[in-house]
Novice: 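Please read through the structure below; I'll follow up with questions.
Computed from heavy atoms alone, side chains included, the values below leave out hydrogens, waters and symmetry copies. Computed from a predicted model, the values in this text were never measured in an experiment.
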Amino acid sequence: MTDTLDTRCCVAGGGPAGLMTGFLLARAGVDVVVLEKHKDFFRDFRGDTIHPSTLELMNELGRLEAFLELPHNKAETLSAVFGEDEIQVADFRHLPTRCKFLAIMPQWDFLNFLASEARAYPNFRLLMEAEVDDLLIEDGKIRGVAAQTPSSRLAIRADLTIGADGRSSTVREKAGLVPRDLGAPIDVLWFRLSRKPEDPPATMGRFAAGHLMVQINRGDYWQCAYVIAKGGFDAIKAAGLDSFRQAISSLMPGLAGRPDELQDWDQIKLLTVQVNRLEKWWRPGLLCIGDAAHAMSPIGGVGVNLAVQDAVAAANALVPPLRAGQPLEDAMAAVQARRMWPTRVTQQLQLVIQDRLLKPLLASKELPAPPLPLRIMDHWPVLSRLPARLIGLGVRPEHVQTPDVARSAPGQPALDLQ
């Protein structure tokens with residue numbers, strides 16, 4: 001049996017791009033359904049850094065104070081350690097924003113917050129455990145999606161479908177949109193180690209001969225990102241877990257003994273890094289945003305925040321024609337035109353860092369010297385404000401231009417089709 005729903009906009013994917021889009025459209029009075037294939041938002045590997053650009057949007061929406069009540073840690077600076085030399089890479093304390101720091105917060109808390117805010121609007125529906133597996137196409141135009149729920153098939157007819165279902169986007173594939181692969185010579189191993197009160201508070205990256213690891217302060221534990229050469233995980237596993245623990249210990253002597261907490265490879269998750277983008281983000285009836293339009297390297301932790309910026313730009317352009325029942329093609333083209341430039345610039349910066357710093361580093365047998373730009377920043381720390389602006393705000397930060405409409409009672413539950 002197939003259940004059918006009709007809506008103005010259907011969003012495939014309940015990540016940062018999808019939920020922020022759904023929230024902004026519903027807030028502006030547009031009927032919207034968001035589909036998320038999982039039963040909850042709890043995923044161990046998801047981006048954890050909420051940048052000042054996103055915090056500024058929360059301020060514009062009047063929800064910053066409520067958002068910052070969620071558990072989080074603040075990173076006012078970022079540092080890189082080369083051997084014994086620590087260099088401040090980014091100083092966010094001088095940004096022209098309300099919040100002059102990165103908020104380190106589990107992404108599931110961020111997504112639950114967005115979902116709760118969106119549910120305050122009666123024209124918002126969030127369907128969990130609804131996996132999009134096909135598109136509804138009529139006369140060459142996308143008219144919605146088909147999805148599978150635990151209890152039935154679901155057809156959602158919509159004037160607009162937004163593909164926000166990530167770097168392995170089903171919507172993108174079914175629409176015949178193929179991203180251009182820009183290359184990524186690295187992968188990342190993601191794991192946790194306990195954190196002690198006497199540990200330094202800073203989030204930092206440590207560089208050594210053939211190794212790089214980033215420590216993210218999550219309060220009572222370190223979220224660790226261990227960078228490896230592309231496709232190198234099998235060789236690391238073949239060398240054995242003890243060898244991997246020893247590599248971490250030599251890289252992070254301040255964490256003495258704690259690598260022994262890794263007792264099983266199941267505790268270590270592989271992130272296969274991709275950097276790609278669509279040359280065209282839309283076709284009639286469909287717009288792709290976020291990772292579905294452009295997968296980012298984890299360098300700088302900017303992926304979540306670029307996805308949110310896409311969502312704001314999409315809502316700003318699409319709300320007027322959606323509310324008026326007008327054609328959407330010009331608005332979708334305008335979204336791509338606005339967001340393609342910051343995407344290209346950010347990806348190009350990431351590719352330069354990957355190819356000129358990380359790839360040679362991972363192949364090196366010697367302790368690397370800090371790159372010249374970092375050595376210059378070490379002499380003139382004021383220059384660390386420039387990377388802070390690029391990381392914290394991006395090259396084209398968006399601002400909310402959509403209106404707010406009357407809210408219903410907060411905490412309205414998600415639609416349950418089971």
Side-chain angles (χ1 to χ4, degrees), residues 43-49 78-83 87 89-90 107 166-168 179-193 203-216 222-239 243-248 250-252 259 262 265 267-277 290-291 294-307 343-371 373-374 387 390-391:
R43 239 49 89 240
D44 190 52
F45 182 83
R46 276 186 154 173
D48 299 314
T49 53
L78 296 178
S79 298
V81 179
F82 291 80
I87 300 173
V89 174
Q107 193 179 118
R167 59 185 58 205
S168 300
R180 175 188 171 196
D181 184 14
L182 301 177
I186 62 170
D187 288 329
V188 175
L189 303 182
W190 191 251
F191 54 91
R192 299 181 183 187
L193 296 176
T203 292
M204 66 177 66
R206 187 177 290 272
F207 297 76
H211 301 281
L212 165 61
M213 192 169 94
V214 178
Q215 293 172 259
I216 301 172
W222 292 107
Q223 188 72 64
C224 300
Y226 188 90
V227 181
I228 64 174
K230 171 67 68 178
F233 191 32
D234 287 343
I236 290 173
K237 290 174 73 174
S243 175
F244 182 63
R245 289 192 293 253
Q246 290 175 11
I248 298 171
S250 63
L251 185 60
M252 297 288 192
L262 299 174
W265 287 111
Q267 296 173 260
I268 302 163
K269 310 298 181 184
L270 171 66
L271 169 66
T272 302
V273 175
Q274 300 177 29
V275 182
N276 61 45
R277 65 173 177 261
D291 280 358
H294 48 75
M296 312 299 293
S297 167
I299 293 170
V302 298
V304 170
N305 303 279
L306 276 173
T343 297
R344 284 176 171 158
V345 171
T346 304
Q347 287 182 327
Q348 186 58 43
L349 289 171
Q350 291 182 328
L351 293 173
V352 168
I353 293 171
Q354 285 183 168
D355 295 340
R356 297 188 183 180
L357 174 61
L358 300 187
K359 186 176 180 179
L361 167 74
L362 295 175
S364 174
K365 302 297 184 182
E366 299 179 357
L367 179 68
L374 294 189
L390 289 172
I391 294 170

Novice: Suppose we screen for salt bridge (charged side-chain N to carboxylate O under 4.0 Å, His left out). Which residues come up paired with Lys237, at least two apart in sequence or across chains?
Specialist: none
Novice: To the closest 0.5 Å, what do you measure between CD (Gln274) and OG (Ser297)?
Specialist: 11.0 Å
Novice: Mind checking the CG-CZ spacing from Asn276 to Arg167? Nearest 0.5 Å is all I need.
Specialist: 7.5 Å
Novice: Just how far is it from atom CZ of Phe207 to atom CG of Leu212, taken to the nearest 0.5 Å?
Specialist: 4.5 Å
Novice: So which heavy atom on Gly303 is nearest to which on Met296, and how close?
Specialist: CA-CG, 4.2 Å
Novice: Is Val302 close to Gln350 at the side-chain level, that is, under 4.5 Å between some pair of heavy atoms?
Specialist: yes
Novice: Take Leu351 and Val275 through the side chain to side chain contact (heavy atoms under 4.5 Å, CB included) test and state the conclusion after the steps.
Specialist: CA-CA 8 Å; Leu351 293 173; Val275 182; 4.1 Å; yes
Novice: List the residues meeting side chain to side chain contact (heavy atoms under 4.5 Å, CB included) with Pro185, not counting sequence neighbours, and say none if there are none.
Specialist: Gln354, Asp355, Lys359
Novice: Not counting sequence neighbours, which residues clear side chain to side chain contact (heavy atoms under 4.5 Å, CB included) with Arg344? List them please.
Specialist: Arg277, Glu279, Met340
Novice: Quick one: CZ on Arg192 to CD on Gln267, what's the gap to the nearest 0.5 Å?
Specialist: 10.5 Å
Novice: Sort out for me which residue in Val188, Ile186, Ile236, Leu362 forms a side-chain contact (heavy atoms from CB on, under 4.5 Å) with Ile228.
Specialist: Ile236
Novice: Any chance you could measure Leu189, atom CG, to Phe233, atom CZ, to the nearest 0.5 Å?
Specialist: 5.0 Å
Novice: What pairs with Ile248 under side chain to side chain contact (heavy atoms under 4.5 Å, CB included), at least two apart in sequence or on another chain?
Specialist: Phe191, Leu193, Met213, Tyr226, Phe244, Pro259, Leu262
Novice: For Leu182 and Arg180, run side chain to side chain contact (heavy atoms under 4.5 Å, CB included): C-alpha distance rounded to whole Å, both residues' side-chain angles, the deciding distance at 0.1 Å, then the answer.
Specialist: CA-CA 6 Å; Leu182 301 177; Arg180 175 188 171 196; 3.7 Å; yes
Novice: My understanding is that only residues two or more places apart in sequence, or in another chain, count here; which of them pass side-chain hydrogen bond (donor to acceptor under 3.5 Å, both in side chains) with Thr343?
Specialist: none
Novice: Could you pull out all residues at least two apart from Arg206 that satisfy salt bridge (charged side-chain N to carboxylate O under 4.0 Å, His left out)?
Specialist: none
Novice: Identify the two heavy atoms, one from Gly231 and one from Asp187, that lie closest to each other, and give their separation to 0.1 Å.
Specialist: N-OD2, 3.0 Å
Novice: Quick one: CD1 on Ile391 to CD1 on Ile299, what's the gap to the nearest 0.5 Å?
Specialist: 10.5 Å
